[in-house]
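Worksheet for the structure shown next.
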Amino acid sequence: MEKSEIKNRGVMLVISSPSGAGKSTLTKLLMHDDDNITLSISATTRQARPGEVEGKDYFFLNHDEFRAKIDNDEMLEWASVFGNLYGTPKEPVYKALDEGKDVLFDIDWQGTQQLHAKAQKDLVRVFILPPTASALEQRLHARAQDSLDVINSRMKGASRELEHWAEYDYIVINDDLKISEQKLKAILYAEKQKRNRQQGLVEFVRDMQGELRLKFED
Ligand code: ADP
Ligand code: 5GP
């Protein structure tokens, strides 16, 4: 008798936070050590920051191009954030999940709510908090990618973004980066052991029971 195989169903792992709390940094660390994770590359109408690469950090679109994608139902979710449109192209997400990959989303609370409505059973939501308000401000300055005006508008928006922390399954306070990385890895690892994410368990246990009965029952 051939042993029944167990396959893991991919997790849709959302990481949200106020801008500057450390999402992108943690996302990169998570992906570095795990070949099975695919990052969902969002589309946006905002300008590329210095060093950002088309198709790697974002798909940079103009307003009309973005609207056309919404109209053609090509977006899994989309939202207006800080006056720009951001959205998740649908097709690559479904392709990755079909291949058994875990998909990581760096999206805001509005997008998370939309994914929750569409794909609750596959979704794991993590909210990253900065250790303090001043650490958040310092990190935005340290990143040195935004103008002072943009940094100030992000700090103004942070309090409103924080209102949504309780809509998430897990909260990670990103003080020590290494510890936050370990916490995120632990969350993903534990979520993958959930019964509903292990396909083939019924057959696996049934086969084992068959073997036990054959060998040990009178
Ligand atoms: P986000 O993607 O949430 O906007 P980033 O990942 O770009 O934030 O992080 C903002 C800045 O803070 C970056 O310069 C990053 O190196 C730094 N940073 C991230 N996490 C930590 C941490 N735990 N301690 C100190 N600096 C951090
Ligand atoms: P940034 O401009 O700093 O790259 O991103 C600003 C905010 O937009 C962040 O909170 C980020 O999570 C969010 N964001 C990025 N991509 C998407 C997306 O595809 N959908 C939604 N809803 N938010 C996104």
Side-chain angles (χ1 to χ4, degrees), residues 12-32 39-61 66 69-70 74-93 103-119 123 125-147 149-165 167-168 172-184:
M12 294 168 76
L13 182 67
V14 168
I15 304 188
S16 302
S17 77
S19 185
K23 282 182 308 286
S24 318
T25 309
L26 284 163
T27 300
K28 281 182 194 126
L29 289 172
L30 212 56
M31 301 219 15
H32 186 260
L39 180 66
S40 165
I41 312 290
S42 297
T44 183
T45 59
R46 88 149 156 72
Q47 292 289 309
R49 293 192 191 116
E52 281 186 330
V53 177
E54 162 73 21
K56 186 166 170 279
D57 297 288
Y58 280 104
F59 296 105
F60 295 98
L61 304 179
F66 198 104
K69 294 215 181 281
I70 296 171
E74 290 175 43
M75 293 296 191
L76 193 53
E77 61 76 32
W78 65 274
S80 172
V81 188
F82 301 120
N84 291 302
L85 298 178
Y86 291 80
T88 302
K90 196 185 271 182
E91 206 260 341
V93 173
V103 185
L104 203 56
F105 299 84
D106 170 345
I107 62 175
D108 82 332
W109 61 271
Q110 305 175 80
T112 307
Q113 286 185 350
Q114 293 172 48
L115 288 193
H116 190 251
K118 283 186 179 163
L123 200 66
R125 297 161 297 180
V126 182
F127 199 84
I128 310 284
L129 288 172
T132 60
S134 59
L136 184 68
E137 192 178 5
Q138 276 163 23
R139 286 179 192 178
L140 283 172
H141 284 285
R143 188 164 69 186
Q145 283 180 330
D146 295 311
S147 67
D149 277 356
V150 170
I151 290 178
N152 285 337
S153 88
R154 283 172 189 242
M155 284 305 288
K156 273 191 198 134
S159 167
R160 261 178 289 122
E161 286 173 61
L162 285 176
E163 282 169 18
H164 296 277
W165 70 276
E167 294 162 18
Y168 287 72
V172 173
I173 299 175
N174 180 23
D175 194 352
D176 181 289
L177 192 58
K178 193 75 207 158
I179 291 174
S180 303
E181 179 191 354
Q182 283 166 356
K183 286 181 178 170
L184 276 177

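Counting begins at 1 with the first residue of the sequence. Both counts, for ligands and for their atoms, begin at 1 and track the order of listing.
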Exercise. Tell me, which protein residue and heavy-atom name are nearest atom 12 (O) of ligand 2, and how many Å apart are they?
Worked result: D106 OD1, 2.8 Å
For this session: Just need the protein heavy atom nearest to atom 9 (C) of ligand 2, so name the residue and atom and give the distance.
Result: K23 NZ, 4.1 Å
Exercise. Do Y58 and ligand 2 have an N or O pair less than 3.5 Å apart?
Worked result: yes
Exercise. For atom 16 (N) of ligand 2, what's the nearest protein heavy atom and its distance?
Worked result: S42 OG, 3.1 Å
Exercise. Does any N or O atom in G22 lie less than 3.5 angstrom from one in ligand 1, N or O only?
Worked result: yes
Exercise. Does a side-chain heavy-atom distance below 4.5 Å link R49 with V150?
Worked result: no
For this session: Could you tell me whether some N/O pair between Y86 and ligand 2 is separated by less than 3.5 angstrom?
Result: yes
Exercise. Any salt bridge between K178 and E181, counting N to O under 4.0 Å?
Worked result: yes
Exercise. Taking C-beta and beyond as the side chain, do P92 and I41 meet within less than 4.5 Å on heavy atoms?
Worked result: no
Exercise. Hey, what do you get for CG (D108) to CZ (F82), rounding to the nearest 0.5 Å?
Worked result: 8.5 Å
Problem set entry | Under 4.0 Å to a heavy atom of L177 - the qualifying atoms of ligand 1, by number | 20 (N), 23 (N)
Problem set entry | Any N/O pair D176/ligand 1 closer than 3.5 Å | no
Exercise. Under 4.5 Å between any side-chain heavy atoms of L129 and L162, yes or no?
Worked result: yes
Problem set entry | CA sep, side-chain torsions, deciding dist, call: M75, L85, side chain to side chain contact (heavy atoms under 4.5 Å, CB included) | CA-CA 12 Å; M75 293 296 191; L85 298 178; over 6 Å; no
Problem set entry | Polar proximity ligand 1 side, L26 side, N/O cut 3.5 Å exclusive | no
Exercise. To the nearest 0.5 Å, what is the distance between OG (S134) and CE (M155)?
Worked result: 8.0 Å
Exercise. Roughly how far, to the nearest 0.5 Å, is CD1 of I107 from CD of E77?
Worked result: 4.5 Å
For this session: Examine V81 against ligand 2 and note whether any of their N/O atoms are separated by less than 3.5 Å.
Result: no
Seminar exercise, completed: Note: ligand 2 atoms sitting under 4.0 Å from heavy atoms of T88 are 19 (O)
Exercise. Taking only heavy atoms of D175, which atoms of ligand 1 are found under 4.0 Å from at least one of them?
Worked result: 22 (C), 23 (N), 24 (N)
For this session: Would you tell me which option among I15, T27, T25, N174 has the nearest heavy-atom contact to atom 20 (N) of ligand 1?
Result: N174
Exercise. What orientation do H164 and W109 show, parallel under 30°, tilted 30 to 60°, or perpendicular over 60°?
Worked result: parallel
Problem set entry | Enumerated ligand 1 atoms positioned under 4.0 Å from heavy atoms of S19 | 4 (O)
Exercise. With sequence neighbours left out, what residues match E74 under salt bridge (Lys or Arg N to Asp or Glu O under 4.0 Å)?
Worked result: K69
Problem set entry | Nearest option to atom 12 (O) of ligand 1, as decided by whichever heavy atom of Q138, R49, R139, K28 sits closest | R139
Problem set entry | Per-atom contacts of ligand 1 with S17, taking only distances under 4.0 Å to non-hydrogen atoms | 3 (O)
Exercise. Which atoms of ligand 2 sit under 4.0 Å from any heavy atom of G111?
Worked result: 22 (N)
Exercise. Which heavy atom of L140 sits nearest a heavy atom of I151, and at what distance?
Worked result: O-CD1, 3.7 Å
For this session: Note the single closest protein heavy atom to atom 7 (O) of ligand 1, along with its residue, its atom name and the distance in Å.
Result: R143 NH1, 2.9 Å
Seminar exercise, completed: Looking only at protein heavy atoms, what sits closest to atom 3 (O) of ligand 1 is K23 N, 2.8 Å
Problem set entry | Sequence-distant partners of S180, side chain to side chain donor-acceptor pair (under 3.5 Å), two or more places apart | N174
For this session: Pick whichever of D108, I107, D57, T27 has a heavy atom sitting closest to atom 22 (N) of ligand 2.
Result: D108
Exercise. Short N/O distance, under 3.5 Å, between E77 and ligand 2?
Worked result: yes
